[in-house]
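Reading through the structure tokens given below for one structure.
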Amino acid sequence: MEVIECNELKLWLSQPPKYTTFRINALKTFDKSILEEFLKSQSKELGASQIPRYYFVRPDCLVLEQWSDEVTVEKTGMDVIVDAACAAAVLRGAHVFAPGVLGLPVNCTLEERVDIYGDLEGHCKRGLKIQYEGRKQYVGTGYLKMLRPQLYDKGVQPSGIAIHTVLPASKLPVVNETLFPKGEVLLQNLPSIVCGWVMDAKPNEIILDMCAAPGNKTTHLAEMSKDQAIIIAVDKTPQRTAKIKENCDLQGISCVTSYAYDSTKCCSEESTGINNGPPFPPNSFDKVLLDAPCSGLGQRPQLMNKMTPKMVGSFKCIQRKLIAEAVKVLKVGGKLVYSTCTITESENEGMVAWALDKFPSLKLIPAEPLLGGPGLPNRGLNDEQRSLVQRFGPEIDDLRPVDTLYKESIGFFIAAFIKLP
Ligand SMILES: C[S@@+](CC[C@H](N)C(=O)[O-])C[C@H]1O[C@@H](n2cnc3c(N)ncnc32)[C@H](O)[C@@H]1O
């Protein structure tokens, strides 16, 4: 295992993934000519001799690569400042939405080409007219679609696309879901797609997704099962569960029932069945997905992060409560998949070690397909256990080499267990 220096890790986290990944809806037919035609028109605009490479890892996972190095755009000197979240989205190939625009020069004109900069300090005031003197990072170039009155006039609630991104500094193509018919594709990070593959949902299985909103993994499970599993999706508020329903409707899924409920209390001996929603009786589900609330420190790129160590440490408690509940509602012989989109050991390897110690009925099994790296050493798991889990990140470990595609995504962790009698 090669030790990763803190600065190296920080650098990795500050950069976007090198690929864009889409999950393809297995219940619909994907027409790749839409993508092909779009990329061809983009390559004309950018003067590229070829379109970026794209391929399927599995039929439900499309990978899109960056433009080649020959594709460049000259800076215009017309700087627009956007907030850090917006800048991160641009680096991943998004357009700039109006609420993210902080500083716009007064002499800009519509359709003018502008340079997009992210505010790295969070000090830029909304409506700034002059040059921003704080730390900023160039994230891409685009065409201006809105002027100051639409963004900053009194009483205006800015919405819609303010800058049409042409080329992000990352050279990722600007392709989003709206290019395709509704519900056909979903922009999803590669490890999240792998998480669905680890769950391996099948028709007729009774599955609980404990922390499901907005339903990106729920819908994957439904599609994998050909819409024939019995899937119960829970999240803590009605607003969040409404999102699950919306996404299922959009993707043509009918096998999911969602409930707003606190999953730390989702098991009760008094419950008579799963049909009336939570709480559920013990030993009810063939499979449980616990995509836990976490510190989210695996997200890339992170241009600014205001999370304190105390905030990072605060997730352990709820993760433990959720695991305890998952073990109760899982059938003997059933499978539990635990995942996070963070890189901290305490929420990942540490949580697996805690669960194995606390619940003797849990047995760690290979989180197959094993596409990410092994768990970190010296964090409570022995080499055999480390090799059963998968950690997506920049680490290099002889225990399991990792393809660049999986190394260059976001930071993520997946472990799988079965419940013994
Ligand atoms: C990582 S996100 C889930 C993402 C989701 N699985 C997906 O792929 O779209 C974690 C979710 O946990 C939910 N959550 C947090 N505490 C919860 C609780 N006590 N009960 C149920 N859901 C909870 C949050 O609202 C959030 O939607």
Side-chain angles (χ1 to χ4, degrees), residues 21-23 25 60-61 177 183 185-201 207-224 229 231-251 253 256-268 277-280 285 287-300 302 307 311-312 314-329 336-344 347-348 351 367 392 409-416:
T21 44
F22 289 97
R23 202 184 84 233
N25 186 344
D60 61 356
C61 178
E177 290 157 14
V185 307
L186 180 81
L187 260 172
Q188 194 170 27
N189 290 308
L190 189 51
S192 290
I193 300 177
V194 174
C195 191
W197 295 340
V198 175
M199 279 292 286
D200 192 22
I207 299 175
L208 173 64
D209 188 348
M210 290 178 85
C211 296
N216 292 344
K217 296 189 188 69
T218 319
T219 49
H220 192 190
L221 304 184
E223 287 160 20
M224 287 183 93
I231 301 183
I232 294 184
V234 178
D235 209 279
K236 63 180 180 183
T237 64
Q239 292 92 313
R240 294 196 58 75
T241 45
K243 268 275 166 220
I244 305 174
K245 170 108 185 44
E246 204 179 288
N247 279 326
C248 286
D249 290 347
L250 193 70
Q251 293 175 43
I253 289 163
V256 172
T257 314
S258 56
Y259 297 98
Y261 201 79
D262 178 357
S263 285
T264 64
K265 300 183 178 110
C266 74
C267 184
S268 166
F280 309 109
F285 294 93
K287 288 179 180 167
V288 174
L289 172 60
L290 173 50
D291 186 33
C294 70
S295 55
L297 292 177
Q299 295 298 344
R300 293 174 76 203
Q302 290 177 54
M307 202 173 259
M311 283 154 84
V312 174
S314 68
F315 290 94
K316 219 158 91 173
C317 179
I318 189 166
Q319 288 161 351
R320 286 184 174 183
K321 283 187 187 160
L322 289 164
I323 291 178
E325 227 47 18
V327 177
K328 286 190 218 161
V329 293
L336 164 64
V337 174
Y338 173 80
S339 61
T340 73
C341 60
T342 197
I343 53 168
T344 69
E347 296 173 84
N348 296 327
M351 200 52 62
F392 294 82
S409 187
I410 61 161
F412 205 89
F413 182 85
I414 310 174

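One-based numbering, in listed order, for ligands and for the atoms of each. Atom set for the values below is all heavy atoms of this structure, side chains included, hydrogens, waters and symmetry mates excluded.
For ligand 1, the atoms lying closer than 4.0 Å to a non-hydrogen atom of Asp262 are 18 (C), 19 (N), 20 (N). Close contacts between ligand 1 and Pro214 involve ligand atoms 9 (O) [criterion: under 4.0 Å to a heavy atom]. For ligand 1, the atoms lying closer than 4.0 Å to a non-hydrogen atom of Tyr261 are 20 (N), 21 (C). Taking every non-hydrogen atom of Ala292 and a distance limit under 4.0 Å, the qualifying atoms of ligand 1 come out as 1 (C).
In this structure, the protein non-hydrogen atom closest to atom 17 (C) of ligand 1 is Lys236 CD, 3.8 Å. For atom 20 (N) of ligand 1, the nearest non-hydrogen atom of the protein is Ser263 N, 2.9 Å. Nearest protein heavy-atom neighbour of atom 6 (N) of ligand 1: Asp291 OD2, 2.7 Å. Protein heavy atom in closest approach to atom 15 (C) of ligand 1: Pro293 CG, 3.6 Å. Atom 5 (C) of ligand 1 has Ala213 O, 3.2 Å as its closest protein atom, hydrogens excluded (heavy atom only). Nearest protein heavy-atom contact of atom 9 (O) of ligand 1 is Asn216 N, 2.9 Å. If you check which protein heavy atom lies closest to atom 24 (C) of ligand 1, you get Asp235 OD1, 3.4 Å. For atom 12 (O) of ligand 1, the closest non-hydrogen atom of the protein is Cys211 CB, 3.3 Å.
Using a 4.0 Å cut-off between heavy atoms, Ala212 contacts ligand 1 through its backbone alone, with no side-chain atom that close.
Contact annotation: the side chain of Asp235 never approaches that of Ser258 to less than 4.5 Å [non-hydrogen atoms, C-beta and beyond]. Within the 4.5 Å cutoff, the side chain of His220 has no heavy atoms near those of the Leu186 side chain. Side-chain atoms of Phe412 and Asn189, non-hydrogen and from C-beta on, never get closer than 4.5 Å to each other.
Looking at Thr237, its side chain does come within 3.5 Å of a backbone N or O of Arg240 through a donor-acceptor pair. At least one donor-acceptor pair under 3.5 Å links the side chain of Glu347 to the backbone N or O of Ser295. Asp209 contributes no side-chain N or O that, together with a main-chain N or O of Gly215, makes up a donor-acceptor pair within less than 3.5 Å. The main-chain N or O of Lys321 is never found under 3.5 Å from a side-chain atom of Thr264 such that the two would form a donor-acceptor pair.
Across Ile318, Asp209, Thr241, heavy-atom proximity to atom 16 (N) of ligand 1 is greatest for Ile318.
At least one heavy atom of Met210 sits under 4.0 Å from some atom of ligand 1.
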